[in-house]
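All values derive from a computational prediction rather than experimental measurement. Proteins come first, then strands; the chains are lettered A, B, ... in the order of their sequence lines, and each starts at number 1.
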Amino acid sequence: MPVITLPDGSKREFSAAVSVMELAQDIGAGLAKATIAGRVDGNLVDASEKNSVDATVQIITIKDEDGLHIMRHSCAHLLGHALKQLYPDAKMAIGPVIDNGFYYDIDSEIAISEEDLAKIEKRMLELAQTKYQVVKKITPRAEAIQIFTARKEDYKLELIADMPAETEFGLYYHQEYIDMCRGPHLPNMSFIKALKLTHVAGAYWRGDCSKKMLQRIYGVSFASKQGLKDYLLMMEEAEKRDHRKLGKLLGLYHFDEVAPGMAFWHTKGTTLYQVVENYMREQLAQSDYEEVRTPLVMDRAMWEKSGHWDKFKDNMFTTETENRDYAVKPMNCPGHIQIYNQHLRSYRDLPVRIAEFGLVHRNEPSGTLHGLMRVRAFTQDDAHIFCTQAQIKTEVQACIDLVYSTYADFGFDNIQVKFSTRPKVRVGSDAVWDLAESALEETLKDAKLDYSLLPGEGAFYGPKIEFQLKDCIGRVWQCGTIQLDFSMTQAERLNAVYIGSDNEKHHPVMIHRAILGSLERFVGILVEHYEGKFPTWLAPTQIVLASIAGVHNEFVQQFAKKLKKSGFRVESDLRNEKVGFKIREHTLQRVPYILVIGDQEIENGTVNVRARGGVNLGSMNFEDLSRLLLNDVSKLGRVVTQVPV
RNA sequence: GCCGAAAUAGCACAAUUGGUAGUGCAACUGAUUUGUAAUCAGUAGGUUGUAGGUUCAAGUCCUAUUUUCGGCACCA
């Protein structure tokens with residue numbers, strides 16, 4: 001006699017075990033029709049699952065987040081169902097839910113092309129429209145093995161083999177198609193109304209590059225056709241922000257076959273880059289760093305000693321001359337230790353903070369290159385802080401503070417924090433790693449940051465905190481990082497020392513930190529974040545002066561000269577074109593201010609100010625305009641909502 | 001690196017079953033002297049990523065290669 005408590009607190013009593021679906025029918029036919037699954041005492045279950053004891057039950061419909069999730073998961077099954085009809089020899093691996101959608105990994109001799117997706121999608125929708133019922137059968141282990149053996153589903157068998165403790169498995173019957181899953185799933189495929197298979201790509205079985213590469217079919221699905229439409233439109237809009245497209249359109253940088261993964265910065269891109277770099281340089285000065293420059297190429301022996309050669313040589317560019325081997329630096333730390341070691345340090349000198357806008361080269365695998373986000377040559381706003389163990393917390397905290405104030409100035413407020421611990425390939429003893437990890441995590445906790453753990457993702461010399469930002473389509477990129485290193489300074493590595501108050505030699509702890517990370521990547525993120533509509537302090541060209549006719553050109557040039565003298569980045573457009581044409585071009589170039597100058601302005605000694613977004617701020621003289629511009633520049637990127645559109 | 005796809009004028013794109021490589025913008029020349037998102041006319045621009053091959057004939061088919069794109073693995 002189960003008593004079921006509903007979320008509103010009301011209770012219903014049943015004479016026998018009752019399923020979620022039966023409960024929904026008891027409440028009303030409409031609800032039953034909308035029922036996807038249930039949450040019984042907090043656990044998600046299929047709508048068909050019987051419950052014989054007292055419980056709290058929530059009915060899940062497509063309107064619930066869980067309902068949408070379940071529907072997407074069932075979409076993966078539907079994909080399997082359709083795919084096996086079209087490609088009977090395909091073997092199904094795994095088909096989980098991801099953000100906005102789902103994928104299924106399959107193994108097939110036949111390569112599925114993007115064109116084939118439309119065909120599969122069509123079959124999926126046809127199958128969904130038959131409104132067939134999904135039947136779940138809890139199946140004993142031996143029988144499940146028998147079923148998948150008969151069906152030649154090798155990957156399902158491997159999954160079963162990897163769960164030796166399980167005695168039974170949930171098999172979902174989609175007409176003739178059978179999939180194995182914990183569930184829950186839709187009771188009926190007609191809930192699926194809006195889906196699209198988006199792309200197909202390779203993916204290693206179980207994410208292991210030593211295993212076979214499967215074909216992964218990605219799809220998205222929504223509760224309504226409008227939801228899908230909105231999503232596709234949003235993606236289309238997001239792709240317009242792509243820094244590779246905008247970089248070309250705005251004349252910021254380009255890439256060339258002669259140097260794959262290395263940017264050619266054009267003058268406007270260079271300006272943007274320098275504004276970012278100089279901003280950071282100012283922060284360094286305020287935070288008591290000393291800036292240095294170290295060689296790009298250093299003797300291979302030094303890299304062997306530092307541990308880089310052993311752990312990192314596959315990613316290093318090398319060169320050789322006069323029978324001596326060199327490597328191009330992939331990191332700045334060894335160079336900074338050379339500078340640290342140039343004189344004997346006292347404990348009174350610590351912490352020593354050595355910073356460099358360090359150009360590093362890393363021979364990244366060809367398949368990883370991605371615009372400015374993943375390159376082979378990039379400049380880190382790098383620094384190494386040499387300190388005592390007692391100083392770690394204060395120094396790490398200062399770095400965290402610098403990350404947050406910097407990101408706020410650039411207009412970012414959505415920052416993901418990750419804490420990465422010891423990787424398989426590493427230097428240093430476990431005792432040292434214990435020390436480093438706990439020191440870093442403790443600071444992270446004290447800073448009250450919301451972070452997630454990435455076990456095994458640390459640097460080879462120490463654990464790290466990562467600060468990640470998202471690109472236009474939601475891909476996450478690591479930018480800032482703080483890494484704790486007890487190893488590199490040891491005698492057997494690069495042997496950095498200081499004399500302690502006990503008059504003995506000690507090895508300092510080294511904190512590796514970058515705030516922006518790579519200047520290249522950070523600029524790429526900035527381009528996408530602002531869609532090229534940079535706040536005035538960052539805009540490569542801040543002001544364009546447009547003359548109406550040739551007779552106005554002299555005044556324009558004088559006015560432009562005055563603005564330049566005041567430190568603004570100014571262009572004059574004196575071309576023999578209509579002012580509408582000029583405005584269109586500079587609007588497309590996302591210039592924050594366009595100054596229009598004709599007879600009226602010259603007569604009054606003013607300029608007519610058109611702000612980005614088409615707002616006419618009226619005519620003003622040089623002093624008023626300077627005040628306006630200075631005020632705008634001083635805001636940096638902090639007030640995101642006030643960026644002109 | 002792995003799987004799949006793509007590469008045509010400075011840029012964005014066309015080019016039937018293999019049959020004379022085009023259009024728009026940009027560039028250049030001329031006219032126009034212009035008031036807040038495109039003035040008009042004309043001219044020029046290409047070994048179709050590179051290297052081979054098949055064919056009477058290749059942008060199109062085949063092979064190799066480079067780069068790019070989407071993922072995967074990697075990411076100090």
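Nucleotides U23(B) and G46(B) place their P atoms 14 Å apart, quoted to the nearest Å. The same atom, P, is picked in G10(B) and in G49(B); the two are 12 Å apart, to the nearest Å. Comparing the P positions of A5(B) and U65(B) gives an interatomic distance of 15 Å, to the nearest angstrom. Atom C1' of C62(B) sits at a distance of 25 Å from the matching atom of U20(B), rounded to the whole Å.
Both tests hold for Arg216(A) against Tyr103(A): distance to the six-membered ring centre under 6.0 Å, angle to the ring axis within 45°.
Rounded to whole Å, the distance from CD on Glu577(A) to C1' on C28(B) is 13 Å. Between the C1' atom of C74(B) and the CE atom of Met316(A) lies a distance of 17 Å, rounded to the nearest Å. Put simply, CD on Gln600(A) is 12 Å from C1' on U36(B), counting in whole angstrom units. Rounded to an integer number of Å, the gap from Asn608(A) CG to U36(B) C1' is 8 Å.
Between Gln380(A) and Gly261(A), the residue whose closest nucleotide on RNA chain B is further toward the 5' end is Gly261(A).
Closest contact between the side chain of Lys578(A) and the listed nucleotides G71(B), U39(B), G35(B) involves U39(B).
Remark: side-chain polar atoms of His308(A) are not paired, donor with acceptor, to backbone N or O of Trp303(A) under 3.5 angstrom.
Below 30°, between 30° and 60°, or above 60°: for His370(A) and Trp477(A) the angle between ring planes is between 30° and 60°, a tilted geometry.
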What dot-bracket string describes RNA chain B from 5' to 3', counting Watson-Crick and G-U wobble pairs whose defining distances are under 3.5 Å, with [ ] for crossing pairs and | for pairs to another strand? (((((((..((((.....[..)))).(((((.......))))).....(((((..]....))))))))))))....

